[in-house]
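Here's the structure, in structure tokens; my notes come after.
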Amino acid sequence: MEGSHTMTEHVLDTLKERGFLQQSTDEVGLRSYLSEMGATCYLGFDPTAGSLHIGSLLPIMALKHLQDAGVRTIALLGGGTAMVGDPSGKTEMRKMLQPEQIMQNAESFKLQLSRFLHFDGDRSLWVNNADWLGTLSYITFLREIGRHFSVNRMLTAEAYRLRLENGLSFIEFNYQLLQAYDYLELFRKYGCRLQVGGDDQWGNCLAGKELVRRVESEEVHVMTFPLLTTATGAKMGKTAAGAVWLDANLTSPYEFYQYWINVDDRDVERFLKLYTFLPMEEIGRLAQLEGAQIRDAKEVLAFEVTKVVHGEQAAAQARAAAQSLFGGGAADAEAMPETHVSKADVEAGISAPELLAMAGLAKSRSEGRRLIQQGGVQLGDRRCEEIDEMVGPEHFSGDGTLIVKVGKKRFHRMVIQ
RNA sequence: GGGGAGAUACCGAAGCGGUCAAACGGGACGGACUGUAAAUCCGUUGGCUCAGCCUUCGCAGGUUCGAAUCCUGCUCUCCCCA
């Protein structure tokens with residue numbers, strides 16, 4: 001099963017060795033399917049947020065691997081299913097979203113995804129399940145699809161057990177049927193025989209597989225990816241500021257890069273395999289590094305992932321900024337987040353806590369005040385000692401900028417305008 | 001439809017008339033130590049014109065010198081029975 005003829009390695013082996021495979025149905029059948037011409041797989045995206053975040057990046061990476069191996073990929077946008085809401089893994093019903101909101105999210109998803117998957121021609125498709133779910137007739141749906149689902153069976157599923165304790169509304173109980181119907185639809189329309197997704201979707205995916213078998217008497221496949229938690233047990237991609245988004249306007253390339261630099265030592269190898277396209281030999285070498293040298297591996301990781309998401313130029317810029325900020329040099333920090341302040345305000349003097357609040361480095365002046373009291377604030381190259389220190393023109397350097405540092409690694413640039 | 005339980009700060013959870021800006025735990029943040037890591041230790045964690053003041057304990061009223069704590073109504077959640 002090793003077969004190290006690099007060029008012709010089977011995608012399934014690639015995915016396995018990089019740690020993508022969590023569960024799959026009939027691996028032998030799946031393997032041969034993926035080798036067929038015209039093999040097609042789909043991945044669903046839930047447009048319940050305004051942007052994709054790191055959590056969605058893992059399946060996207062997997063999809064890239066599949067695409068590179070010649071598999072046709074379909075990105076399914078859950079415009080219809082988002083109207084219902086997936087109860088999997090949730091302890092309570094999530095807020096129902098407004099249709100307009102969903103549509104808007106869908107648009108930005110498409111834009112973001114097109115960075116990774118090129119929706120051109122027939123190789124990579126973009127579909128929205130609102131197109132077929134939206135026009136379903138309730139009675140018809142119940143008669144054709146609903147009758148294939150056993151409530152008894154659904155209730156024994158792990159995904160619902162949790163909710164049985166806290167209450168599960170009927171609308172959410174229907175989610176699985178709709179998702180299953182998606183698979184049937186894509187099988188019929190595109191001959192799609194593989195659905196991939198996060199492992200929390202295993203149950204929903206299987207429901208689709210079953211449905212296709214019952215209705216069409218055809219075997220289709222399911223493959224899931226692990227749901228990552230960091231070595232410290234936290235959910236992937238969560239920071240103090242919230243999720244790590246793929247949208248540069250929500251999480252700047254610099255912050256994005258920093259997220260990866262700050263990853264736990266124990267996660268480096270795993271993440272290199274999953275989130276970069278570096279060859280395994282290279283990753284193996286980086287994984288050998290020990291002690292402080294692990295930082296080099298983290299730099300490679302951060303650079304590569306940032307490159308995948310934001311492009312090489314942004315990645316290089318983020319790296320340069322990080323190196324100058326943490327390497328001691330006072331070099332340029334283009335990629336650092338910045339805030340503009342008016343000349344008049346600066347001349348009048350801005351209190352230090354106020355400045356922190358303006359820059360978003362503190363949620364309130366009180367918080368800024370506390371940060372200063374705790375010695376966590378640096379204005380330019382001097383530590384701010386007094387909570388009522390006034391920041392005026394003399395704090396800014398010749399080019400009218402002032403670098404404010406909070407804690408060990410949050411930098412912000414104030415610019416006089 | 002009937003009966004019961006409950007809604008406290010980011011989360012979990014104490015408090016049941018004053019000493020409550022609200023115990024404790026987790027998380028997060030700051031400091032020390034380091035390698036922009038982990039672990040550990042110390043500190044912080046409503047707002048403000050900050051040794052003082054203002055607004056918070058589901059929402060709206062009420063009792064009281066005084067309410068997160070008592071009363072009334074409302075909203076929501078959960079459980080049991082139908």
Side-chain angles (χ1 to χ4, degrees), chain A residues 87 90-96 161-169 172 229-244 252 254-272 286-287 289-303 305-306 318-329 331 333 335-337 348-379 383-390 403-412:
Chain A
K90 303 273 184 304
T91 51
E92 56 190 47
M93 183 164 166
R94 74 167 104 198
K95 211 173 85 194
M96 280 226 255
R161 204 168 306 152
L162 186 66
R163 292 299 301 274
L164 283 178
E165 319 234 323
N166 301 320
L168 175 68
S169 74
E172 293 178 285
T229 50
T230 62
T232 46
K235 247 191 206 156
M236 232 351 237
K238 293 286 182 207
T239 67
V244 178
S252 70
Y254 170 76
E255 294 168 289
F256 188 85
Y257 181 91
Q258 285 299 317
Y259 175 81
W260 296 99
I261 283 286
N262 286 308
V263 134
D264 191 292
D265 284 7
R266 292 166 289 179
D267 289 326
V268 176
E269 182 179 357
R270 199 160 52 116
F271 290 176
L272 279 167
L286 291 167
L289 299 175
E290 284 182 359
Q293 281 192 313
I294 291 175
R295 262 177 29 251
D296 296 342
K298 287 184 185 177
E299 268 188 31
V300 174
L301 171 68
F303 179 78
V305 190
T306 308
R319 180 172 59 190
Q323 283 171 348
S324 72
L325 289 172
F326 292 99
M336 202 186 297
I350 303 170
S351 77
E354 168 85 48
L355 190 80
L356 293 172
M358 283 169 71
L361 291 165
K363 287 198 211 67
S364 64
R365 279 172 229 159
S366 292
E367 186 177 308
R369 182 182 298 267
R370 271 181 237 121
L371 285 169
I372 294 167
Q373 278 166 346
Q374 293 174 121
V377 175
Q378 209 168 313
L379 299 174
R383 176 174 284 192
C384 177
E385 309 280 1
E386 295 294 325
I387 53 173
D388 40 15
E389 175 163 352
M390 293 304 281
I403 291 182
V404 183
K405 181 180 174 191
V406 168
K408 276 170 286 193
K409 37 194 158 182
R410 288 158 70 204
F411 291 87
H412 200 95

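The shown structure was predicted, so the numbers you read here are calculated from the model rather than taken from an experiment. Chain letters run A, B, ... following the sequence lines, proteins first and then strands; every chain starts at 1.
Counting non-hydrogen atoms under 4.0 angstrom, Gln373(A) reaches nothing in the nucleic acid. Asp264(A) comes within 4.0 angstrom of the backbone, heavy atoms only, and of no base. Among the protein residues, Val377(A) comes within range of no part of the nucleic acid, since none of its heavy atoms lies under 4.0 Å from any strand. Ser364(A) comes within 4.0 angstrom of sugar-phosphate atoms only, judged by non-hydrogen atoms across all strands, and of no base. At a threshold of 4.0 angstrom between heavy atoms, the contacts of Ile261(A) include nucleobase atoms, whether or not backbone atoms are also involved. Residue contacts shown for Arg369(A) include a base, since a base heavy atom lies under 4.0 Å away.
G12(B) and U49(B) have their P atoms separated by 32 Å, with the value rounded to a whole Å. As rounded to the nearest Å, G17(B) and C10(B) have P atoms that lie 27 Å from one another. A gap of 9 Å separates the P atoms of U69(B) and C57(B), to the nearest Å. With both ends at atom P, the span from A7(B) to U55(B) equals 25 Å, rounded to whole Å.
For the OP1/OP2 pair of U49(B) and a distance below 4.0 Å, the side-chain nitrogens and oxygens of Arg365(A) include at least one atom meeting the criterion. Considering only side-chain N and O atoms, Lys405(A) lies nowhere under 4.0 angstrom from the phosphate OP1 or OP2 of U36(B). At the phosphate of G31(B), neither OP1 nor OP2 sits under 4.0 Å from any side-chain N or O atom of Arg370(A). Between U36(B) and Arg295(A), a contact under 4.0 Å exists linking OP1 or OP2 to a side-chain N or O.
Under the Watson-Crick and G-U wobble criteria, each requiring two contacts below 3.5 Å, nucleotide A21(B) is left unpaired. Pairing partner, A28(B): U44(B), with both Watson-Crick or wobble hydrogen-bond distances short of 3.5 Å. Using Watson-Crick or G-U wobble geometry with both donor-acceptor distances under 3.5 Å, U36(B) finds no partner in any strand shown.
Summary of the strand contacts: Arg383(A) and Glu354(A) both lie near RNA chain B, and taking for each the nucleotide with the nearest heavy atom, the more 5' one is attributed to Arg383(A).
The CG-P distance, from Leu356(A) to C29(B), rounds to 16 Å in whole Å. Taking atom CZ of Phe326(A) as the reference point, atom P of U34(B) lies 17 Å away to the nearest angstrom. When the P atom of U36(B) is taken as reference, atom CD of Gln293(A) falls 14 Å away, rounded to whole Å.
Taking the side chain as every heavy atom from C-beta outward, Asp265(A) and Lys298(A) approach each other to under 4.5 Å.
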